[in-house]
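Heads up, the thing below is written out as structure tokens.
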Amino acid sequence: VHHAYLKAHIILATQHTAAPAEAECAAMQNIQTSGFLQASAAGSSVVDSLQVPLFQDEEAESQFCGSEGTILKREAPANIPKNGKRYHIHTFGCQMNSADSERMAGALEAAGYVCSEDASDADVLVYNTCSIREKAEVKVYSALGKQAKRKRANVGKLKVVVAGCVAQQEGQAMLRRVPEVDIVMGPQYANRIVDLLERSEASQVIATDPAEVLEDITAPRRESDITAWVNVIYGCNEKCTYCVVPFTRGQEQSRKAEDIRREMLALGEAGYKEVTLLGQNIDAYGRDLPGMADDASGRRAWTFTDLLRYVHDVPGIERIRFATSHPRYFTDRLVRACAELPKLCEFFHIPFQSGDNDILREMKRGYTHERYRAIIDNIRRYMPDASISGDVIVGFPGESEEQYLATEALVREVGFDRVNTAAYSPRPNTPAATWDNQVADLIKADRLNRLNAVVMEVATERAQRFQGRTLEVLVEGVNPRNPGQAFGRIRHNKLVYFDGDGLALRGKLVWVRINHCNAYSLMGDLVDVDAAPAGSSTAAAVAGQQLVGV
């Protein structure tokens, strides 16, 4: 019971939904046959009898790492001949996986498939998986088990695809555990799904070999027509001792700046208002691209700061965000660019993982808590009103009570607007999983509960600074819990709810006076549409931040 409780007890102190929409159009064009392993199906399913443990705090857990996952929902695209077949995509995990699901949807629809929200009505079932936490893996196998009997009754008609990080991690072992699966494919093959389906007509396919990420003309099918996620760098070269991402997503591969700008130009022309630039380690952008800067600074020809300046003036795009940053590469030059470029939002997501230097060293994070605090101080020097979020792990192997308390202290000192908290979960192929100084589950659960209380207290206090201010809100639609309300997001990445016609206002920049502040959401009254009221706080903040520290 304690084991099940611990694995589930992960709270995301955030306003985002389970899997934020991300658009990611960079992909690969040419299939390298050496990247596939053909395999024959044998044996019967072992999944039907899998028992899924009961977890506490299910709703909160479902917000992080896709423990419940999200079902892709969309209308059939116009002017594309249909092939009479349907696909169903169930996404678990982070925004990177959401992006990959959009790429797969785009490829399938270009081939004539139509989206189905009902798995039992689909000809192709895709489970896009996450391996960051064990619970997400359990959910995937549970979902596969529910389809096992149907697959056996529809051999040759139903195709089952396991994509994403669990697929990359398990490879051949996935087919041994679930023989009903037709395709096991890593995230680097997302836009090749149609080719893999064709190959699976002959035998099962395992596509997990490393592959170069190339640009692709197939556009992803985006979840939103207002905000879009644009991938700028794939993979991660860091060697954090707890993290499975470098193994499942491969080495860093930066997209060319002109390709990123071209995608953003298309988004602006299509009416999108906000873009989030995405990468597992986005500040490392460009270090794998050729050339050096002309100013003899020793920098690469392209850095993430250079990219921001290059894409900032794209017409139609009103807001630009980015995630996720690594403290090792977060420079003063980047902070100054964010302060100087008015479309860059006042929101930074920078994981810190621990407040103790010895733990950070064991994690191989490459910085100290003093260095992290200096980064935050520098951000607030140039952008005093900026919102800061982070990630943290409690119960890392060897963590003492004193080391845990150092993490609590850092949360209070920084004053985070939100923190994604997690108890350490040993992952396959990671060094820390093999260490003999694992922290007991009960201790991890206790520390997680205590830290969540601190995070909530700090976030609630931080949110009060918005009380009485008039803020710019990009309206995303109707509040699903109250049809008489609209909701949207401020530049600080906090949700705002207010009375209004969400359908009519969708996609508009409006001004809302805040009258109630919760930790992760705000309530207010609509003041104006489009035009900024005189003296509005957001307008003043945007203008003011460019003067601070200059």
Side-chain angles (χ1 to χ4, degrees), residues 11-22 57-60 62-64 68-75 95 98 115 117-118 222-229 270-276 318-319 321 345-347 387 389 417-418 456 459-539 541:
I11 307 276
L12 174 59
T14 177
Q15 65 273 20
H16 271 296
T17 54
E22 174 202 348
D57 210 350
E58 201 74 34
E59 181 177 357
S62 70
Q63 296 183 67
F64 183 65
E68 297 299 331
T70 57
I71 306 299
L72 200 66
K73 303 175 182 179
R74 64 189 66 235
E75 298 293 330
Q95 57 268 41
S98 297
C115 182
E117 297 178 28
D118 185 356
R222 304 179 190 275
E223 290 275 5
S224 170
D225 57 4
I226 298 170
T227 63
W229 300 69
Y272 285 80
K273 294 293 195 300
E274 179 178 298
V275 163
T276 298
E318 303 289 342
R319 293 177 174 182
R321 308 182 189 274
C345 291
E346 300 88 321
F347 174 79
S387 286
S389 75
D417 290 82
R418 75 186 199 201
M456 178 65 74
T460 300
E461 180 181 346
R462 281 285 295 167
Q464 303 314 306
R465 73 188 190 277
F466 297 116
Q467 181 70 34
R469 292 168 59 177
T470 300
L471 303 174
E472 180 191 79
V473 177
L474 177 57
V475 181
E476 297 181 17
V478 178
N479 180 358
R481 297 185 178 181
N482 184 347
Q485 286 187 334
F487 81 98
R489 208 173 295 273
I490 62 174
R491 291 170 60 95
H492 304 77
N493 206 28
K494 196 175 290 289
L495 284 176
V496 178
Y497 298 91
F498 60 93
D499 291 340
D501 187 339
L503 286 177
L505 294 174
R506 192 169 184 273
K508 291 184 177 295
L509 290 169
V510 304
W511 295 85
V512 176
R513 181 173 293 111
I514 305 303
N515 55 38
H516 183 76
C517 304
N518 298 317
Y520 309 119
S521 63
L522 309 173
M523 300 289 293
D525 298 313
L526 181 63
V527 174
D528 206 343
V529 178
D530 295 325
S536 60
S537 297
T538 300

- Tell me, yes or no, whether the heavy-atom count around Glu461 atom CD, taken from other residues, nucleotides or ligands under 6.0 Å, exceeds 12. no
Query raised in the report: Around atom CZ of Arg513, are there more than 12 heavy atoms of other residues, nucleotides or ligands at under 6.0 Å?
Result: no
Nearest heavy-atom neighbours spanning [X] and [Y]:
X: Tyr520; Y: Met456; answer: CE1-CE, 3.7 Å
X: Phe487; Y: Leu495; answer: CD1-CD2, 3.9 Å
X: Ala486; Y: Asp501; answer: CB-C, 4.5 Å

Evaluate the side chain to side chain contact (heavy atoms under 4.5 Å, CB included) criterion for residues Asp225 and Tyr272: first the C-alpha distance (whole Å), next the side-chain angles of each, then the deciding distance (0.1 Å), finally the verdict.
-> CA-CA 6 Å; Asp225 57 4; Tyr272 285 80; 4.3 Å; yes
Phe498 meets the ring-ring contact (aromatic ring centres under 6.0 Å, His included) criterion, sequence neighbours left out, with none
Rounded to the nearest 0.5 Å, how far does [atom2] of [Y] lie from [atom1] of [X]?
X: Asp499; Y: Leu526; atom1: CG; atom2: CG; answer: 9.5 Å
X: Arg506; Y: Lys273; atom1: CZ; atom2: NZ; answer: 10.5 Å
X: Thr227; Y: Arg321; atom1: OG1; atom2: CZ; answer: 9.0 Å
X: Gln464; Y: Asn518; atom1: CD; atom2: CG; answer: 8.5 Å

**Prompt:** With side chains defined as the heavy atoms from C-beta onward, is the minimum distance between Val512 and Leu522 less than 4.5 Å?
**Reply:** no
Report task. Would you please test Leu509 and Glu318 for side chain to side chain contact (heavy atoms under 4.5 Å, CB included) and show each step? Result -> CA-CA 9 Å; Leu509 290 169; Glu318 303 289 342; 4.0 Å; yes
Exactly one candidate in Val473, Thr470, Val496 meets side-chain contact (heavy atoms from CB on, under 4.5 Å) with Ile514; the answer is Val496
side-chain contact (heavy atoms from CB on, under 4.5 Å) with Tyr497: of Gln485, Arg481, His516, only one passes, and it is Gln485
Residue set satisfying salt bridge (charged side-chain N to carboxylate O under 4.0 Å, His left out) with Arg319, at least two apart, ordered chain then number -> Glu274, Glu472
Sorted by chain and residue number, the side-chain contact (heavy atoms from CB on, under 4.5 Å) partners of Cys115 (sequence neighbours excluded) come out as Arg74, Tyr87, Glu109
In Arg491, Lys494, Arg462, Arg465, the residue satisfying side-chain hydrogen bond (donor to acceptor under 3.5 Å, both in side chains) with Ser387 is Arg465
